[in-house]
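Below is one structure, written out as structure tokens, with a few remarks after it.
Every heavy atom of this structure was used, including side-chain atoms; hydrogens, water molecules and symmetry mates were not. Throughout, a chain's letter reflects where its sequence line sits, starting with A, and its residues are numbered from 1.
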Amino acid sequence: MSELKKGPFWITNTLTRKKEEFVPQAPPHVGLYVCGPTVYSDVHLGNVRTFTTFDLLYRWLLHLGYKVRYVRNITDVGHLVGDIDEGEDKIAKRARLEQLEPMEIVQKYTNGFHAVMRQFNVLSPSIEPTATGHLIEQIDMVKRIIDHGYGYEANGSVYFDVPKFAEKHAYGELSGRKIDELMSNTRDTEGMDEKRSPLDFAIWKKADPIHLMKWPSPWGEGFPGWHLECSAMSTKYLGLTFDIHGGGMDLKFPHHECEIAQSIAADGQAPVRYWMHGNMLTVNGRKMAKSEGNGFTPEELVTGNHKLLERGYSPMTVRFFMLQCHYASTLDFSNAALQAAEKGLERLMKAVQTLNSAKASGNSNGAYTSALNVIEELAYGHMNDDLNTPRMIAVLFDGVTEINKAVDGGGVARGFNEAELGRWKKFYSEMVFDVLGLQQETATAGDDTAMDGLVKVFIQLRAEAKAKKDFAASDRLRDQLLALGIVLKDTKEGTTWERA
RNA sequence: GGUCGCGUGGCCGAGUGGCUAGGCACAGCUCUGCAAAAGCUGCUACUGCGGUUCGAAUCCGCACGCGACCUCCA
């Protein structure tokens, strides 16, 4: 099995649009870069999906034994609002609205972002660089682009010369665009622009006097262009060419396309070997986006305090909901789907709990060894096939049925010996907790000994009532406990309890 | 308008040209004083029309419907 675990890992490279075997540049090291959030407002569930997707990738790479340097940036400057001529820094705009310092906004929403990531059990990256912390690197990159003839200054701003770049390089390769098609499809609102071509994009932008976030540069006071930070920081921490770059589908063009162009222009080599893009979370078939106003925050999700939500759902329910769909497919949000996921997750987690507290009966005929062999092989196969979590989870559920069949009400796993049971426990714990990143959300019966003892007193009272055939009394006890969130279950081996 | 993608059973959602995805819901049964849980059984779909093929949900074409990107967006 150990060989199989390592077994070839295939991922869809959106650059070639094909599944390719993943082979790191310098095994066992893997360089992974993911575009992080712009911290000018709360993250919504769509953002969470992308970070969950790459969290899954990160976890799988770690599980396969790779040493991963995972860089996920915080964009705290530079993206413009609206069209370029009256462009305004999003963060600065928000700062004025809230009467705060720009860096206060950055701090506030960075904190919020981190809190959400913790809620959804998304692992921290190895490095989380900020754009403002890498001005020198960005300015330096602009210089290199100019030196190589692909950037030009105009009125204090510096633009990337796309047509010139396209003469020698494949601009549009990632997003499948052709330069002349782009030309003819340009929206014609440029007019008095400083750009030589409408396709050109700013790599350094002059700051107007009222602009709050600005830095000195060889071209005057300004701020870095939209796409530059990722190029500068990925180069700094992962090298000129690194293994995997991830992000949401919506960043493919122009953001990632521009990253490629910048890196090639500055340093002469393509920055990324494998591009991966996560698909969108939709609501009623439409992309969830801040600009659509159809997004909701994780807090609204948990409390259910939003018009799209019939009630609240836990973060793990949502994580599981997302994992039941392949990362490259759009996923449509709905209350019914969430409720289904909630039930499914409960079934899975209960089985894991049952498994973990089970004791082996000792009399094994090896059936559960071969069953696990099959499950393991399938699960690894599916994960290695472009992170096919829906199929992997389906396999997990096959095992859940086996577990439920084997473990009796007294917690004895019939037909298992110690070693077998240990293997099952290890496998399920690795897949469910380490790889899928799910966690137990409700306190378990054994967590609180006082509580457990208390409930057992009631169970004893009820057993006495039952023995006297006083079912009215026994049912009343059960109902009253249920009202407090305690569920009693009568089994052949006695009564057990759990939280609802 | 251009580029790309999608259209699967009551719902969500996988899918390799031929062999049961899975989850949820629903129905019946077993267990049970009743219930809950669990197990068993049933529910067999692939937008439409052509084509390729011994055979297509899976390949090709056309039509219809939907979406993403083309502007900040995960």
- Note on the structure: Atom CG of Asn404(A) and atom C1' of C40(B) are separated, to the nearest Å, by 13 Å
- Rounded P spacing from U58(B) to C6(B) in Å: 12 Å
- Query: Ring centroid separation for Phe458(A) and Trp497(A), is it under 6.0 angstrom?
  - Reply: no
- Note on the structure: From NZ of Lys178(A) across to C1' of C70(B) the rounded distance in Å is 14 Å
- Item | Interatomic distance where CZ belongs to Phe113(A) and P belongs to A74(B) [whole Å] | 10 Å
- How far, in whole Å, is G51(B) from C43(B) if one measures between their P atoms? 32 Å
- How far does the C1' atom of A37(B) sit from the matching atom of A74(B), given to the nearest Å? 39 Å
- Please step through side chain to side chain contact (heavy atoms under 4.5 Å, CB included) for the pair Val71(A) and Met233(A), ending with a clear verdict. CA-CA 9 Å; Val71(A) 182; Met233(A) 297 190 292; 5.6 Å; no
- Compute the ring centroids of Trp60(A) and Tyr380(A), then answer whether they are less than 6.0 Å apart. yes
- Query: Across all strands, who's sitting opposite C59(B) as a Watson-Crick or G-U wobble pair, both distances under 3.5 Å?
  - Reply: G51(B)
- Item | Between C46(B) and G7(B) - C1' atom distance, rounded Å | 10 Å
- Contact class for Arg462(A) (heavy atom, under 4.0 Å): base, sugar-phosphate, or nothing? base
- Rounded to whole Å, CG of Leu482(A) lies from C1' of C34(B) at a distance of 14 Å
- Message: Is the distance from the ring center of Phe333(A) to that of Tyr313(A) below 6.0 Å?
- Response: no
- With C1' as the reference atom in both, quote the distance from A45(B) to G9(B) in angstrom, rounded to an integer. 4 Å
- Taking atom C1' of U32(B) as reference, at what distance in whole Å does atom CG of Leu488(A) sit? 15 Å
- Does the side-chain ring of Phe397(A) lie flat on the base of G23(B), meaning centres under 5.5 Å and planes less than 30 degrees apart? no
- Task: Find the distance Glu257(A):CD to C70(B):P and express it as a whole number of Å.
- Result: 12 Å
- Message: Set out, in order, the CA-CA distance, both residues' side-chain angles and the distance that settles side chain to side chain contact (heavy atoms under 4.5 Å, CB included) for Tyr327(A) and Asp386(A), then state yes or no.
- Response: CA-CA 9 Å; Tyr327(A) 76 86; Asp386(A) 202 21; 2.7 Å; yes
- Does any donor-acceptor pair link the side chain of Asp490(A) with the base of C34(B) at a separation under 3.5 Å? yes
- Task: Flag the pair Lys466(A) and Asp490(A) as a salt bridge only when some basic side-chain nitrogen lies within less than 4.0 angstrom of an acidic carboxylate oxygen.
- Result: yes
- Query: Taking any strand in view, what nucleotide pairs with G22(B) in a Watson-Crick or G-U wobble way, both distances under 3.5 Å?
  - Reply: C12(B)
- Message: What's Lys466(A) touching, base or sugar-phosphate or nothing? Going by heavy atoms closer than 4.0 Å.
- Response: base
- Task: For Gly344(A) and for Thr50(A), locate the closest nucleotide of RNA chain B by heavy-atom distance; then report the residue assigned to the nucleotide nearer the 5' terminus.
- Result: Gly344(A)
- Item | Sugar-phosphate, base or nothing in reach of His44(A), heavy atoms under 4.0 Å | base
- Message: Contact list please: residues 280-289 of chain A against RNA chain B, heavy atoms, distance less than 4.0 Å, in numerical order.
- Response: Met280(A), Leu281(A), Gly285(A), Arg286(A), Lys287(A), Met288(A), Ala289(A)
- Using the side chain to side chain contact (heavy atoms under 4.5 Å, CB included) rule, take Thr110(A) and His114(A) through it: C-alpha gap first, then chi angles, then the decisive distance, then the call. CA-CA 6 Å; Thr110(A) 300; His114(A) 286 155; 3.5 Å; yes
- Task: Quote, to the nearest angstrom, the C1' distance that separates G55(B) from G23(B).
- Result: 31 Å
- Which base sits across from C40(B) as a Watson-Crick or G-U pair, both distances under 3.5 Å? G28(B)
- Task: Return yes if the base of A35(B) and the side-chain atoms of Arg478(A) contain a donor-acceptor N/O pair under 3.5 Å, otherwise no.
- Result: yes
- What's the spacing between Asn13(A) CG and His245(A) NE2 if we round to 0.5 Å? 12.5 Å
- Go ahead and name the base partner of G17(B); Watson-Crick or wobble counts if both distances stay under 3.5 Å, otherwise write none. none
- Note on the structure: All heavy atoms of Met213(A) vs all of Asp76(A), minimum pair found to be CE-O, 3.4 Å
- Could you state the atom-to-atom distance from CZ of Phe253(A) to C1' of C73(B) in whole Å? 15 Å
- Within this structure, what is the NZ-to-C1' distance between Lys343(A) and G23(B), rounded to whole angstrom? 11 Å
- Tell which nucleotide pairs with G7(B), taking only Watson-Crick or G-U wobble pairs whose two distances are both under 3.5 angstrom. C64(B)
- Task: Can you tell me, in whole Å, how much space there is between the C1' of U20(B) and that of G42(B)?
- Result: 14 Å
- Quick one: what's the B/S/- string for nucleotides 1-16 of chain B, heavy-atom cutoff under 4.0 Å, read 5' to 3'? BBSS-------SSSS-
- Item | Interatomic distance at C1', G1(B) relative to C54(B), whole Å | 45 Å
- Item | Residue Arg49(A), side-chain atoms from C-beta onward, closest of A74(B), G33(B), G22(B) | A74(B)
- Message: With rounding to the nearest 0.5 angstrom, report the CG to NZ distance, Asn279(A) to Lys287(A).
- Response: 10.0 Å
- Message: Ring-plane angle category for Phe201(A) and Phe160(A), please: parallel below 30°, perpendicular beyond 60°, tilted otherwise.
- Response: parallel
- Query: Is the charged tip of Arg72(A) near the ring of Phe51(A): under 6.0 Å from the six-membered ring centre and within 45° of its axis?
  - Reply: yes
- Task: Name the nucleic acid region contacted by Lys489(A), choosing base, sugar-phosphate or nothing; use a 4.0 angstrom heavy-atom cut-off, strictly under.
- Result: base
